[in-house]
2 protein chains.
Amino acid sequence: MPNAAYSHKEIMGENKERSTGVLQGTLDMLVLKALGRGPLHGYDVAEYILTWSGDVLHVEEGALYPALHRLELRGLLASEWGVSANNRRAKFYHLTAAGRKQLAAESSEWARLSGAIARVMEA
Amino acid sequence: MPNAAYSHKEIMGENKERSTGVLQGTLDMLVLKALGRGPLHGYDVAEYILTWSGDVLHVEEGALYPALHRLELRGLLASEWGVSANNRRAKFYHLTAAGRKQLAAESSEWARLSGAIARVMEA
DNA sequence: GAGAATACATAGAAGTGCAAGGGTTGGGAC
DNA sequence: GTCCCAACCCTTGCACTTCTATGTATTCTC
């Protein structure tokens, strides 16, 4: 199950099959989680997820930015323009109170569902 | 993490009850897994997943049947009509060799991805 | 000044699952 | 016997997310 949001372009890619999306819906949660530690700009959110996932979850920009905008629209994130560590113009996002609540909710929902799936797969 | 598999009627921030679904992309895998033990008809596939997930994963018929047809079209399943334990006409599905291979592949991919997500969420 | 990396963004296409319909048949309640 | 529910199957239309591809601008390095 490939997942999608995270492009896993198989390095030695044999799999021509459409490895389109799996675990769809986890992206928002991961983004919220990344911002749970403090404000980050978009690019760094992707870096964060990539690093902590052990280089497994590559968040594509075409998925990342729509996700950020979506979450901001829902009032879970807020943003301001600033300057990145590399001295570039960047938009910094941080969690709102609602975002923090949502993170907690999605987190426990993830535990519930992934646990359920794991049980089936181990049957 | 909500996933898409659940209904999101939270338009405009109204976090309503979401139906129990499945992480998007995992449905095919779960169906393959259910059939890994032997032939089952559609209705029983849903039962199997529901039971083994501990009543968490309710596979809706509108998701189940298209999934079965999809998998059959890809050559991962084959089917014949028969009679269910309740003496009703039912279509029984079983894995093909390709389906068995696919199950193994998705299974390990699931382990890889869910592990990666878990690492991020525990960070 | 060329090129890479950082950084944001959108459009188009694809895929998946949900909701909401529809249908047949058999067994038990009455 | 009749009637209703449960067990079965199916399809269409839509919502949502993500991918691929592309476009822009800026800064650092060579």
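Numbers restart at 1 for each chain; the letters A, B, ... are given by sequence-line order, proteins then strands. The analysis underlying the following values was restricted to heavy atoms, covering all of them including side chains, and did not include hydrogens, waters or symmetry mates.
Shown here are the side chain to side chain donor-acceptor pair (under 3.5 Å) partners of Ser79(B), two or more places apart in sequence or in another chain: Glu72(B). Scanning for side chain to side chain donor-acceptor pair (under 3.5 Å) contacts around Ser84(A) gives an empty result, with sequence neighbours left out. Partners of Ala98(A) by side chain to side chain contact (heavy atoms under 4.5 Å, CB included), not counting sequence neighbours, listed by chain and number: Leu76(A), Thr96(A). With sequence neighbours excluded, no residue forms a side chain to side chain donor-acceptor pair (under 3.5 Å) with Glu61(A). Looking at residues two or more places apart in sequence or on another chain, you find a side chain to side chain contact (heavy atoms under 4.5 Å, CB included) between Ala67(B) and Leu27(B), Asp28(B), Arg70(B).
Going from atom CG of Leu68(A) over to atom P of dA9(C) covers 8 Å, rounded to whole Å. The separation between Glu60(B) atom CD and dA15(D) atom P is 18 Å, rounded to whole Å. Rounded to whole Å, atom P of dA7(D) lies 15 Å from atom CZ of Phe92(B). What separates CG of Leu50(A) from P of dA5(C) is a distance of 15 Å, to the nearest Å. Residue Leu64(B) contributes atom CG, which lies 12 Å from atom P of dT11(D) at whole-angstrom precision. Rounded to an integer number of Å, the gap from CH2 of Trp81(B) to P of dC9(D) is 6 Å. His58(B) has its NE2 atom 12 Å from the P atom of dA19(C), to the nearest Å. Between Glu72(A) atom CD and dA9(C) atom P there is a gap of 9 Å when expressed in whole angstrom units.
Among the protein residues, Gly42(B) comes within range of the sugar-phosphate backbone only, with heavy atoms under 4.0 Å from sugar or phosphate atoms but none that close to a base.
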Test Met29(B) against Glu109(B) for side chain to side chain contact (heavy atoms under 4.5 Å, CB included), laying out the working first.
CA-CA 10 Å; Met29(B) 175 182 75; Glu109(B) 185 67 1; over 6 Å; no
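Closest to the Tyr65(B) side chain, of the nucleotides dC8(C), dT16(C), dC8(D), is dC8(D). Among the nucleotides dC8(C), dG17(C), dC8(D), the one closest to the side chain of Gln24(B) is dG17(C). Comparing atom distances between the Asp28(B) side chain and each of dT11(D), dT18(D), dT16(C) picks out dT16(C) as nearest. The side chain of Arg70(A) lies closest to dT17(D), out of dC9(D), dT17(D), dC18(C).
Judged purely by atom type and a 3.5 angstrom limit, Arg37(A) uses its side chain to pair as donor or acceptor with the backbone of Ala123(B).
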Let me check something: any side-chain donor-acceptor pairs from residues 85-95 of chain A under 3.5 Å, sequence neighbours excluded? List them with distances.
from	atom 1	to	atom 2	distance (Å)
Arg88(A)	NH1	Asn86(A)	O	3.3
His94(A)	NE2	Glu80(A)	OE2	3.2

Identify each donor-acceptor pair in which a side-chain atom of residues 47-54 of chain B lies under 3.5 Å from a protein atom, sequence neighbours left out, and give them as a table.
from	atom 1	to	atom 2	distance (Å)
Thr51(B)	OG1	Glu47(B)	O	2.9
Ser53(B)	OG	Ile49(B)	O	2.9
Ser53(B)	OG	Leu50(B)	O	3.0
Ser53(B)	OG	Val56(B)	N	3.2
Ser53(B)	OG	Leu57(B)	N	2.9

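Residues from residues 115-123 of chain A placing a heavy atom under 4.0 Å of any atom in DNA chain D do not occur.
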Quick tally for nucleotides 23-30 of chain D: nucleotides whose base has a protein heavy atom under 4.0 Å get B, sugar-phosphate-only ones S, the rest -, giving ---BBS--
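Shortest non-hydrogen contact noted between Tyr65(B) and Tyr43(B) is OH-N, 4.0 Å.
The residue among Ser84(A) and Pro66(A) whose nearest nucleotide of DNA chain C lies closer to the 5′ end is Ser84(A).
An OP1 or OP2 oxygen of dC9(D) is reached within less than 4.0 angstrom by no side-chain nitrogen or oxygen of His69(B).
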